Amino acid sequence: MQKITLFLIAACAAFMLSSCGGSKQESEKTDSVKAVYVEKTDTTIQESGDTAIVVKKVEVPKVTIYLFHAARRCASCIAIGNGVNEVLQDVFKNEVKAGRVQLLEVDAEAKENAALCEKYEAFGTALFVTRTFQGKETRTDFTAQGFKLAKNKPDEFKQLLREQIVKDLK
Amino acid sequence: MKNLLILFSLLCVTLAAQAQTKLLVYDFHITNRCATCQKIEEVTVETLNTYYKAQIDSSIIVFKTFNCELEENAELVKKYSAYGSTLVLTRLLPDGKEVIVDITDLGFSKIGKPELFVEKLREKIDELMKLQ
């Protein structure tokens with residue numbers, strides 16, 4: 001009788017442990033399903049032994065910040081660059097890591113950037129926040145805010161930029 | 001008495017000039033100005049003197065520069081949020097209302113192609129001058 005009782009206790013413990021392990025696996029699975037930036041929404045089926053997992057990659061908006069500058073940068077232009085970098089590091093570190101937010105600094109005087117400058121009509125210093133989603137680009141000209149605020153009111157500049165990026169990521 | 005009359009006439013002339021001013025072109029800059037900021041001012045002044053000379057001479061269009069870091073300009077800086085380099089047009093309407101158009105982005109992004117900047121600046125000025 002004592003042996004049977006011990007066997008039952010051992011069986012219950014084994015069942016509970018396996019249940020805990022199962023739920024851990026489940027949560028790991030859930031954790032691995034994160035919104036990642038992909039070029040387009042896509043569904044694939046991965047087969048593993050007897051099971052098939054449907055993997056759905058969902059496209060999410062991407063934000064690219066273009067900072068056009070002259071070869072010789074002035075104090076205001078440098079302040080704009082610093083402000084943008086601080087916002088990305090302090091607020092959007094994970095999004096930058098995931099490729100959802102990126103900063104591209106473009107020398108507007110370099111020949112290789114001529115096409116991009118033409119596209120943005122940026123022939124000097126300019127700051128654009130560009131949202132890309134489902135093949136469409138929408139851009140917000142942030143040049144004025146940059147020059148008006150970045151040097152002498154950096155916190156106001158960073159706040160406006162942060163709000164714009166948050167809006168564009170939605 | 002004669003002096004008083006002269007003073008009164010001067011005051012009348014000043015008030016009359018102010019009353020007919022239709023457009024303010026304000027250029028704000030920081031103390032240490034960069035080449036781009038100076039170029040924007042230079043091309044703006046050139047444009048006004050070339051295409052709007054009569055209006056400038058009669059104070060219908062008024063151009064002014066301000067150092068935004070000086071205390072004496074604080075109120076104006078606050079009004080236009082011009083805490084750094086800023087180029088702004090203000091249309092003064094007959095009913096006392098103001099239409100403010102910030103063209104700082106035009107200045108900094110187009111000045112590398114001055115002819116494009118001039119074209120866009122003229123478009124904005126002409127557009128504002130047509131307002132009633």
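Keep in mind that the numbers below use all heavy atoms, side chains included, and drop hydrogens, waters and symmetry copies. Just so it is clear: chains get the letters A, B, ... in the order the sequence lines come, proteins before strands, and each one is counted from 1. Quick caveat: nothing in here was measured; it's all calculated off a predicted structure.
No side-chain donor from either of Glu98(B) and Thr90(B) sits under 3.5 Å from a side-chain acceptor of the other. There is a side-chain donor-acceptor pair under 3.5 Å between Thr140(A) and Gln164(A). Defined by atom type and a distance below 3.5 Å, a donor-acceptor pair is present between the side-chain atoms of Gln159(A) and Glu163(A).
Residues of residues 105-119 of chain B that come closer than 4.5 Å to chain A, counting heavy atoms only, are Asp105(B), Phe108(B), Ser109(B), Lys110(B), Ile111(B), Gly112(B), Lys113(B), Leu116(B), ordered by residue number. Using a 4.5 Å heavy-atom cut-off against chain A, the contacting residues of residues 72-80 of chain B are Tyr80(B).
For Asn32(B), the CG atom sits in a loose shell: 12 or fewer heavy atoms of surrounding residues, nucleotides or ligands are nearer than 6.0 Å.
Ring to ring, Phe28(B) and Phe66(B) are close: their centroids are under 6.0 angstrom apart.
For residues 43-59 of chain B, every residue pair satisfying the salt bridge (Lys or Arg N to Asp or Glu O under 4.0 Å) rule, not counting sequence neighbours, is listed here: Lys53(B)-Asp57(B).
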Contacts table for residues 105-112 of chain A: side-chain donor-acceptor under 3.5 angstrom, sequence neighbours left out:
from, atom 1, to, atom 2, distance (Å)
Glu105(A), OE1, Arg73(A), NH1, 2.9
Asp107(A), OD1, Glu109(A), N, 2.8
Glu109(A), OE1, Ala71(A), N, 3.0

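Taking the centre and axis of the six-membered ring of Tyr83(B), the NZ or CZ atom of Lys148(A) falls outside the cone set by 45° and 6.0 Å. Taking the ring centre of Phe92(A) as origin, the terminal cationic atom of Arg100(A) falls outside the region bounded by 6.0 Å and 45° from the ring axis.
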